[in-house]
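Here the structure is laid out as structure tokens; the discussion comes afterwards.
Ligands are counted one by one from 1 in listed order, and the atoms in each one are counted from 1 as well. Excluded from the calculations below are hydrogen atoms, water molecules and symmetry mates; all remaining heavy atoms, backbone and side chain alike, are included. Since we're looking at a predicted model, the values are computed, not measured.
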Amino acid sequence: MPDPDIPEIKRASLADDLLEALETPVLILDGNGALLRLNRAGEALTGYTLDEVTGRPIWEFLIADDEIETVRRQFLGCRAGNGPVNNTHFWIARDGRKRLMRCRHTAHRTDAGETGYVLVIATDITDQRVTEEKLTKSRSFLQSIIDASPVAVITINQEGIILSFSRQAEVTFGGKAEDVIGRNINILMPEPDRSRHDGYLGRYLETGEARIIGQARSLNAMRLNGEIFPAVLHVSEFQNGENIFVGFIEDVTDQRAAERQLSETQAQLHHTGRLGAMGEMATTIAHELNQPLTAASSLMGAAQLTLEKNTDERSARAIDLLEDSVSEIRRASDIIRQMRDFVRKRKTAPSLYDINQVVTEASTIALIGAEAEGISVTKNLQPDLPISMIDRIQIQQVVTNLIRNAIDAMTASAERHLTIATGYRDGMIEITVEDTGPGIDGAILPKLFEPFLTTKETGMGIGLSISKSIVDAHQGKLSAINKNTRGCIFTVSLPAGTRNGLSSQ
Ligand SMILES: Nc1ncnc2c1ncn2[C@@H]1O[C@H](COP(=O)(O)OP(=O)(O)O)[C@@H](O)[C@H]1O
Ligand SMILES: [Mg+2]
């Protein structure tokens with residue numbers, strides 16, 4: 001209804017003034033899409049003047065070729081009375097530049113019900129779209145970096161609520177991002193941190209005193225299934241309206257296990273080495289002492305018999321003393337035997353092993369300090385060796401002994417080169433340790449594997465004898481030869497096994 005206070009003529013010019021004052025491009029089209037009116041903002045944006053384009057359908061000059069169909073269909077839909085139509089499409093300006101426009105079409109009818117005109121109010125969203133695209137791009141760029149990170153990346157807000165959870169975080173903690181986002185980060189911590197974490201955050205926000213930000217810290221983390229694992233955590237902070245914390249979490253379970261295994265192996269080697277040495281020594285001592293002890297006890301028996309012929313009190317006393325002596329001697333023999341049995345009784349634990357790995361582990365330990373002594377090392381480990389049924393610790397002890405001997409032998413040599421190799425020959429796996437020392441002394445060569453034979457001032461002379469008994473127990477062979485040039489080669493041969501056990505020997 002016309003407003004009674006504003007005369008008709010004024011209404012027309014008011015609408016006109018409004019249209020021209022608008023910063024937004026406005027088009028008025030007739031029922032066929034021909035242009036009736038273009039306001040000043042429309043002229044500025046398209047580069048056309050009203051006079052130039054009046055009466056021309058907009059798809060002839062304003063709409064990009066590939067969008068004409070769609071825009072026309074929407075225009076017709078609007079004209080048919082389907083209500084206002086919003087769409088987004090490009091306008092091609094007079095100079096050929098494209099602008100992305102969001103347009104709202106409204107059809108206005110005459111009193112007779114025909115389409116009088118269609119009003120198009122257009123908003124230029126080109127710049128907005130570019131910014132959005134840039135933002136999406138840089139977001140997905142950042143996301144792809146985060147997702148490529150080999151450590152878990154988690155962001156939380158200052159209440160400890162999880163905001164993002166990287167792909168590696170999903171792997172490390174065993175859960176989907178959508179299941180943890182929005183929950184408190186403390187679900188990924190075991191006690192006592194779990195109950196204290198909110199307090200840690202609160203204290204930091206209050207005092208600004210950083211206890212963990214900016215430094216790597218080793219701690220325990222917890223997977224969603226409750227499994228606790230060792231981790232290294234690094235936290236950074238940034239501002240995004242509020243405090244955001246980014247945590248980088250590395251699962252160091254495997255690392256820790258490897259470290260532990262190395263030190264266990266070291267300790268075990270040390271222990272078996274000593275036990276083996278004691279065993280050999282006890283055997284020899286038992287053997288050496290057995291004879292004199294047996295002789296002593298039979299001599300005492302004879303003395304007793306002799307004394308029994310006398311009936312005086314002193315002889316009776318001497319017989320008692322001799323009896324006590326015999327039982328003391330028996331006790332001594334028993335102690336020696338028990339000691340020998342005890343050290344001998346370490347249960348062997350044969351299992352199928354990759355010899356290359358066993359050799360690598362043993363040499364890592366045996367070669368500690370070798371470089372400092374000017375020794376260079378070559379390792380020729382033949383790949384794809386068959387596995388072997390061995391007691392890993394014992395074979396490592398053998399390899400360690402051979403390497404240590406080789407290092408000892410080269411202390412006075414000008415050339416100090418050690419070669420550790422593995423190979424496969426005639427159904428046997430071979431480990432060889434070769435040095436450039438003086439070679440084995442001709443005088444000891446025939447008795448090389450006998451115990452207590454040494455040419456070293458501080459040597460015990462039991463390394464090779466223990467090694468030989470270990471290799472023998474494996475149905476293998478330990479041998480040594482002097483090279484023609486200088487140095488010698490020790491070879492350990494061990495039967496090759498299959499996954500089902502030992503192969504035919
Ligand atoms: N690689 C080697 N080169 C030269 N001699 C060696 C080598 N390995 C062992 N021997 C000789 O064998 C001896 C016995 O070795 P071993 O049983 O290990 O006892 P130890 O090392 O305590 O002397 C050594 O003292 C040394 O004379
Ligand atoms: Mg030795």
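Scanning Cys488, Ser465, Ala443 for the heavy atom closest to atom 2 (C) of ligand 1 points to Cys488.
At a heavy-atom distance under 4.0 Å, no atom of Asp408 approaches ligand 1. Residue-level proximity to ligand 1 for Ile444 is carried by the side chain, the only part with a heavy atom below 4.0 angstrom. Under 4.0 Å from ligand 1, the heavy atoms of Leu448 that appear belong solely to its side chain.
For the Mg ion (ligand 2), the set of nearby N, O or S atoms under 2.8 Å includes none belonging to Asn401.
When only non-hydrogen protein atoms are considered, atom 7 (C) of ligand 1 lies nearest to Phe490 CE1, 3.9 Å. With hydrogens left out, the protein atom closest to atom 6 (C) of ligand 1 is Ile440 CG1, 4.1 Å, a heavy atom. Remark: minimum distance from atom 19 (O) of ligand 1 to any protein heavy atom is reached at Gly461 CA, 3.2 Å. Counting protein heavy atoms only, atom 1 (N) of ligand 1 is closest to Asp435 OD2, 2.8 Å. Among all non-hydrogen protein atoms, the one lying nearest atom 27 (O) of ligand 1 is Thr455 OG1, 2.5 Å. Annotation: atom 21 (O) of ligand 1 to nearest protein heavy atom, Lys456 NZ, 2.7 Å.
Within the 3.5 Å criterion, the main-chain N or O of Ser376 finds no donor-acceptor partner in the side chain of Arg416. At least one donor-acceptor pair closer than 3.5 Å links the side chain of Glu170 to the backbone N or O of Ala177. Between the side chain of Thr126 and the backbone N or O of Leu100, at least one donor-acceptor pair lies under 3.5 Å.
Ligand 1 places these atoms under 4.0 Å from at least one heavy atom of Leu453: 13 (C), 14 (C). Atoms of ligand 1 lying under 4.0 Å from any heavy atom of Thr454, numbered from 1 in the order shown and given with element: 20 (P), 23 (O), 25 (O).
By the 3.5 Å distance cut-off applied to N or O atoms, Asn405 is counted among the residues near ligand 1. Taking any N or O of Asp441, backbone or side chain, none lies under 3.5 Å from an N or O belonging to ligand 1. Checking only distances, Leu464 does come within under 3.5 Å of ligand 1, N or O to N or O.
Of the N and O atoms on the side chains of Asn405 and Lys456, at least one donor lies less than 3.5 Å from an acceptor on the other residue.
Of all heavy-atom pairs between Ala221 and Ala231, the closest is CB-CB, 4.2 Å. Closest approach of Gly423 and Gln382 over heavy atoms only: CA-OE1, 3.5 Å. Minimum interatomic distance between Arg129 and Thr88 (heavy atoms only, all atoms of both residues): NH2-CG2, 4.4 Å.
Gly439 counts as a contact of ligand 1, since one of its heavy atoms falls under 4.0 Å from the ligand. At a 4.0 Å cut-off, not a single heavy atom of Phe449 sits close enough to ligand 1 to count as contact.
A salt bridge links Lys468 with Asp472; the closest basic N to acidic carboxylate O contact falls under 4.0 Å.
Atoms NZ and CG, on Lys447 and Leu453 in that order, are 6.0 Å from each other to the nearest 0.5 Å. Summarising the geometry, atom CG belonging to Asn243 is positioned 5.5 Å from atom CG belonging to Leu205; distances are rounded to the nearest 0.5 Å.
Checked against Leu494 for a side-chain contact (heavy atoms from CB on, under 4.5 Å), the options Ile395, Val398, Val358 give a single hit: Ile395.
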